[in-house]
Each structure stands twice: as C-alpha cells, then as structure tokens.
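One structure is given here, and the rest of the page talks about it.
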Amino acid sequence: MKSMIIASSLALMSVLACAGPGEPATAAAQETGAIAWDVKPADGAGDQPVLRLRQKNSNSDIALDGARPEFAAARSALGGTGPVRFAVRHAAGSLECTGTLTAVHKGQGRCDFTPDAGFERELAARGLAPEKRGDLLAMLMVDATLTLADGLTREGVKPKDSNDLIAAAALGVTPDYVRDLKQAPLKLIEVEDAIACKALGVTGAYVRELVAAGYDTLNVEDVVGMKAMGVTGDYARAMNRATGGGQ
C-alpha cells in the first residue's frame, strides 16, 4: 500500500517537475519563454486570485493569498490591466514574466526561469543535486527549501534525492508533521513513510486514536492501509472488541 501511495506522489512530482528527460540542472541554463502563466480572479468571498504556471503538460497553481512572500510583487502587478511585468525571487531561482491583463487578476503571458547556482551547490552538498533542469523550477513552485531539507534530516527522515524534497514540500511534509507522527507514536524509517502518511491524510491524532483502540504496534504500512480503507478510531475499537481485544 505504501509503495502505491509513494508512486502516486512521485507521479504528481513528475507533473510539477516541468523538464525534458535527462537534461542536467545548471545555473547558466535559462528556460527562455518556455513557461506560460495565466491568472484568474477570486471567484467567491474569501477566495484569492490564483496564478498558474505551465510548461509542456505540467502546471502548478499558486494562490496569491500572501502565504508566499516571493509572489507579493506578482499579486501587485497583476492587479491592473494592460501590459504587465513581474518577477518571482526564490532560493531555487528567479522567474521574469511578461504578459497582458484584460482585467484585474485576469490575463496571461510567458516567463523565463533562471536557476540559482548557490542553491544548486547547497543541494549538492546535501546529496540532493537535481537530476533534471526542471527540478529547480519545481522547487520554486512548491517552495522546496534548504530549511525544509535540513529540518527533515534532523527529524531522522532525510530526503534521499531532489524528488523526495519536492514531494515533501508539495504535500506539506514538515518537520513538525514528522515529529507529531513520531510522538503518536509511529515509527518512521525514511521520508517516503512520512510522504505516504501525508498523502493519505494520516495525522498524529489519527495514530493516537488507533493506539487508544488497542492497535499500538502498527507500522506505517498498516496505518496507511487503514486510513485508505476509511478505518476510524471507533471502527478500530469495534474491530478490536470483535477479535477479543476487549477495548
């Protein structure tokens, strides 16, 4: 079960990667005009405009809600009409974008991406050198950072490669999330364990429910499988009673 979830997560990462196969990542490489963008306005109360970045068959949607400061200039620039230019500066690299707005937060255009050489060197020093040019663009899109890589390493689930780091960032696998699972307790051997849990919505609270129901020796495969089948704490207690567990 876990391997299926990981495979699905990696498939998602391949959609985000936005790169041709086998192309090495180099700071000098620039994806000139290869990245398209469009923006759509908020479609309801409390919603935020969404910027979509696309390359070939890949895309990533970024809500312009202030959660990612590096997109603040984009939101400001996209709040008008007519020709527009904006930049996105991230540790992984920079996007320089131009286009046209037909209305506030409604329009499209093209971007150039330039990877950051220093970021590449730091990744390589951690054994996370990007395999493809587009991995660095994917890191910008999902906000994969050195801080995340180091935090996961401290928690005992070091990313093995750039795909692991991208998957963790895209799914929201943070050091706090890993720590909560481990304190539940759930034994995590590698970062793929945490990625599989997050992909299925497994939380520390869910693991604690299972433990309280008498299932205190479950491994990641067991927990992910139970979550995938919709097993709740109440159902787990009923199963335990039915098998003579007495919970």
Side-chain angles (χ1 to χ4, degrees), residues 1-19 53 58-63 65 67-71 90-93 119 122-132 134-211 218-231:
M1 173 64 72
K2 185 183 76 173
S3 61
M4 292 173 61
I5 299 303
I6 292 171
S8 297
S9 298
L10 291 177
L12 168 64
M13 295 312 102
S14 70
V15 169
L16 291 168
C18 305
L53 299 172
S58 309
N59 65 73
S60 183
D61 290 347
I62 295 103
D65 56 3
R68 297 189 57 183
E70 64 268 31
F71 284 92
H90 187 268
F119 185 76
E122 290 294 335
L123 287 173
R126 291 162 172 78
L128 303 174
E131 297 177 359
K132 302 182 295 294
D135 286 350
L136 288 159
L137 176 57
M139 289 180 186
L140 180 152
M141 289 179 173
V142 302
D143 197 22
T145 64
L146 298 172
T147 299
L148 175 61
D150 292 343
L152 293 174
T153 298
R154 284 194 298 272
E155 293 301 324
V157 289
K158 180 184 185 301
K160 295 192 298 293
D161 54 32
S162 59
N163 282 335
D164 279 349
L165 181 58
I166 293 168
L171 292 171
V173 177
T174 65
D176 286 345
Y177 174 75
V178 172
R179 193 178 308 117
D180 189 39
L181 289 179
K182 292 172 73 173
Q183 291 173 350
L186 183 63
K187 187 175 183 180
L188 303 177
I189 305 299
E190 53 193 5
V191 72
E192 285 90 345
D193 293 334
I195 290 170
C197 287
K198 187 67 173 181
L200 261 295
V202 173
T203 63
Y206 179 72
V207 177
R208 286 186 282 273
E209 282 187 19
L210 298 181
V211 171
L218 298 176
N219 58 31
V220 170
E221 293 271 3
D222 296 328
V223 172
V224 167
M226 293 174 78
K227 183 67 174 177
M229 295 296 292
V231 175

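This one's a predicted model, so the numbers in the text were calculated from it and none came from an experiment. Basis for what follows: all heavy atoms, side chains included, without hydrogens, waters or symmetry-related copies.
In this structure, Pro159 and Thr153 have side chains that are in contact, with non-hydrogen atoms separated by less than 4.5 Å. Side-chain contact between Ser60 and Leu137: absent, with no pair of heavy atoms (C-beta onward) separated by less than 4.5 Å.
Rounding to the nearest 0.5 Å gives a distance of 9.0 Å between CG of Leu200 and OH of Tyr206. Atom CG of residue Asp135 and atom CG of residue Leu123 lie 9.5 Å apart, to the nearest 0.5 angstrom. Separating the CG atom in Leu186 from the CG atom in Asp193 is a distance of 7.5 Å, to the nearest 0.5 Å. Atoms CG and CD1, on Leu171 and Ile166 in that order, are 11.5 Å from each other to the nearest 0.5 Å.
Remark: Asp65 engages no residue in a side-chain hydrogen bond (donor to acceptor under 3.5 Å, both in side chains) (not counting sequence neighbours). Every residue meeting the side chain to side chain contact (heavy atoms under 4.5 Å, CB included) condition with Lys160, not counting sequence neighbours, appears here in chain and number order: Asp164, Glu190, Glu192. Not counting sequence neighbours, the partners of Ala194 by the side chain to side chain contact (heavy atoms under 4.5 Å, CB included) test are Val173, Val178, Leu188. By the salt bridge (charged side-chain N to carboxylate O under 4.0 Å, His left out) test, Asp180 is found to be paired with Arg208, residues two or more places apart in sequence or in another chain being considered. Listed by chain and number, the residues in a side chain to side chain contact (heavy atoms under 4.5 Å, CB included) with Arg68 are Ile62, Glu70, Phe71, His90, Asp143 (sequence neighbours excluded). Partners of Gln183 under the side chain to side chain contact (heavy atoms under 4.5 Å, CB included) rule, at least two apart in sequence or in another chain, are Arg179.
Taking all atoms of both residues into account, the shortest heavy-atom contact from Val207 to Pro185 is CG1-O, 3.6 Å. For the pair Met139 and Ala92, the tightest heavy-atom approach, listed with the atom from each and the gap, is CB-CB, 4.0 Å. Here the shortest heavy-atom pairing between Leu181 and Gly204 reads CD2-N, 3.7 Å. Of all the heavy atoms in Pro175 and Leu148, the pair that sits closest is CD-CD1, 3.9 Å.
For Tyr177 (side chain) and Gly172 (main-chain N/O), no donor-acceptor pair under 3.5 Å exists by modelled atom type. A side-chain donor-acceptor contact under 3.5 Å links Lys182 to the backbone of Glu155. Between the side chain of Asp150 and the main chain of Thr147, no donor-acceptor pair closer than 3.5 Å is present. In this structure, the side chain of Lys158 engages the main chain of Arg126 through a donor-acceptor pair within 3.5 Å.
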Would Val220 and Lys187 count as a side chain to side chain contact (heavy atoms under 4.5 Å, CB included) if you check the C-alpha gap in whole Å, the side-chain angles of each, and the deciding distance to 0.1 Å? CA-CA 7 Å; Val220 170; Lys187 187 175 183 180; over 6 Å; no

Quick one: do Lys132 and Ser162 satisfy side chain to side chain contact (heavy atoms under 4.5 Å, CB included)? Show the steps, please. CA-CA 9 Å; Lys132 302 182 295 294; Ser162 59; over 6 Å; no

Decide side chain to side chain contact (heavy atoms under 4.5 Å, CB included) for Leu146 and Leu128; before the verdict, give the C-alpha distance in whole Å, the side-chain angles of both, and the deciding distance to 0.1 Å. CA-CA 10 Å; Leu146 298 172; Leu128 303 174; over 6 Å; no

Between Ile195 and Val191, is a side chain to side chain contact (heavy atoms under 4.5 Å, CB included) present by the stated rule, with each step listed? CA-CA 6 Å; Ile195 290 170; Val191 72; 4.3 Å; yes

